[in-house]
Asker: 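Take this structure first; my questions come after.
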Protein chains: 2
Amino acid sequence: MAEKLEIPKGYRHTKQRKAILEILEKAEFPIHAEDIYLKLKENGMDISLSTIYRNLDMLTKEGLVVKSYMLGEDKARFALPDKKNYLVCEKCGKIVIIDNCPFDKFKEELVEVHGFDITGHSVEVYGVCPECKKTNVG
Amino acid sequence: MAEKLEIPKGYRHTKQRKAILEILEKAEFPIHAEDIYLKLKENGMDISLSTIYRNLDMLTKEGLVVKSYMLGEDKARFALPDKKNYLVCEKCGKIVIIDNCPFDKFKEELVEVHGFDITGHSVEVYGVCPECKKTNVG
DNA sequence: ATAGTTTTTGCAAATTATTTGCATTTGAAT
DNA sequence: ATTCAAATGCAAATAATTTGCAAAAACTAT
Ligand SMILES: [Mn+2]
Ligand SMILES: [Mn+2]
Ligand SMILES: [Zn+2]
Ligand SMILES: [Zn+2]
């Protein structure tokens, strides 16, 4: 089911670029530029943070990647588009992807009401995860 | 229908704080800290940007205000909670609030599937507004 | 109203994520 | 292999936001 992720036409296949995309593919939810930096460093790769930012930028502009900010955070996260709708636990920060985003069903309604052509959306839902409900009782 | 907006218990009623809240009440959609600064300056008020940031911070922590980042932007916006679900036009930047957010209907579904207690959500939908559809044809 | 106490403000300096300039390296095409 | 534009790394620059601290304003209790 995983869509084949290709470097956009016209851009070069550098090892840095490919490595960044691999990390994004493996990620389960939106991550920080620095997370990519650290994971690549773990993997023994020496890469510059600015290279990561520059690539995330171009991937975002090309529509391959989605940039977002999580509740209460002040630094951007990046993810493949299928990971952009999620639940966040306010207590522990756990993130769970919403697979079949129910919002899709409402596109028509929004189109009718507001007349927009809708090209995308992103949904952040926050609350308390099952584990934290048990633990943090009082 | 407009909820009465009160400065939280324990905080002082300063003219800066009240002025910031007024601007947020009048705003039709999420705005930048600096927008508040400029509007107050227009109104003849001399206020410090850091005062604005500090107040937005506390109002956000107290739950009176919601902080968000719009697609492609790199600075935070602030709004009263009833203005946090919106449509944005990718061409002209127009923002339209989604009044009866259809997402509410899916809380139950999400609760059942993921077991989260849901406390809130924010939805950003992007697309092209009616005007831009006409204008930017080719 | 006055005086005492605590919060809030303003300003300047600090911080932090992100961006940019530029010399060097690399990918891809011939 | 040669060529040339695109991409990288590093250091320096930006820009939004935060913070320290002394002065001012809001409350409280006289
Ligand atoms: Mn991180
Ligand atoms: Mn603005
Ligand atoms: Zn949790
Ligand atoms: Zn428009």
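Chain letters run A, B, ... following the sequence lines, proteins first and then strands; every chain starts at 1.
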Asker: Rounded to the Å, how far apart are B:Phe78 CZ and D:dA16 P?
Answerer: 13 Å
Asker: Using the test salt bridge (Lys or Arg N to Asp or Glu O under 4.0 Å), find all partners of B:Arg77 that sit at least two apart in sequence or belong to another chain.
Answerer: B:Glu73
Asker: Rounded to whole angstrom units, what separation is found between the CD1 atom of B:Ile52 and the C1' atom of D:dA16?
Answerer: 13 Å
Asker: Can you find a side chain N or O atom of B:Ser48 that sits less than 4.0 Å from OP1 or OP2 on C:dT9?
Answerer: no
Asker: As a quick check of understanding, evaluate side-chain contact (heavy atoms from CB on, under 4.5 Å) for B:Leu87 and B:Tyr126, giving each step before the final call.
Answerer: CA-CA 6 Å; B:Leu87 288 152; B:Tyr126 25 98; over 6 Å; no
Asker: What integer distance in Å separates A:Asp46:CG from D:dA7:P?
Answerer: 20 Å
Asker: Do B:Lys107 and B:His121 come close enough that some side-chain heavy atom pair is under 4.5 Å?
Answerer: yes
Asker: Which is it for A:Leu40 and A:Ile20 under the side-chain contact (heavy atoms from CB on, under 4.5 Å) test, yes or no, and what are the steps along the way?
Answerer: CA-CA 8 Å; A:Leu40 288 177; A:Ile20 292 169; 4.3 Å; yes
Asker: Please report the distance, rounded to the nearest Å, between CD in B:Glu34 and P in D:dT18.
Answerer: 15 Å
Asker: Tell me whether A:Lys133 contacts the main-chain N or O of B:Gly115 through its side chain, where contact means a donor paired with an acceptor under 3.5 Å.
Answerer: yes
Asker: Separation of B:Lys61 atom NZ from D:dT17 atom P, in whole Å?
Answerer: 14 Å
Asker: So which one's nearest nucleotide on DNA chain D is more toward 5', B:Gln16 or A:Ile47?
Answerer: A:Ile47
Asker: List in chain and number order the residues that pass side chain to side chain donor-acceptor pair (under 3.5 Å) with B:Glu62, two or more places apart in sequence or in another chain; answer none if no residue qualifies.
Answerer: B:Tyr11
Asker: Determine to 10° how strongly the helix from C:dA1-D:dT30 to C:dT30-D:dA1 is bent, judged from the axes of its five-pair ends.
Answerer: 40°
Asker: With sequence neighbours excluded, what pairs up with A:Tyr69 under the side chain to side chain donor-acceptor pair (under 3.5 Å) test?
Answerer: none
Asker: Expressed as a whole number of angstroms, how long is the span from B:Tyr37:OH to D:dT18:P?
Answerer: 17 Å
Asker: So which of B:Leu56, B:Leu5, B:Leu64, B:Asn55 actually passes side chain to side chain contact (heavy atoms under 4.5 Å, CB included) with B:Leu24?
Answerer: B:Leu56
Asker: CD1 of A:Ile31 versus C1' of C:dA17: gap in Å, rounded?
Answerer: 16 Å
Asker: Rounded to whole angstrom units, what separation is found between the NZ atom of B:Lys18 and the P atom of C:dT7?
Answerer: 19 Å
Asker: Could you list the residues that satisfy side chain to side chain donor-acceptor pair (under 3.5 Å) with A:Lys39, not counting sequence neighbours?
Answerer: none
Asker: For every nucleotide of nucleotides 19-30 of chain C, 5' to 3': is a protein heavy atom under 4.0 Å from its base (B), only from its sugar-phosphate (S), or from neither (-)?
Answerer: BBB----BBS--
Asker: Find which nucleotide of DNA chain D each of B:Tyr69 and A:Asn55 is nearest to by heavy atoms, and output the residue with the more 5' nucleotide.
Answerer: A:Asn55
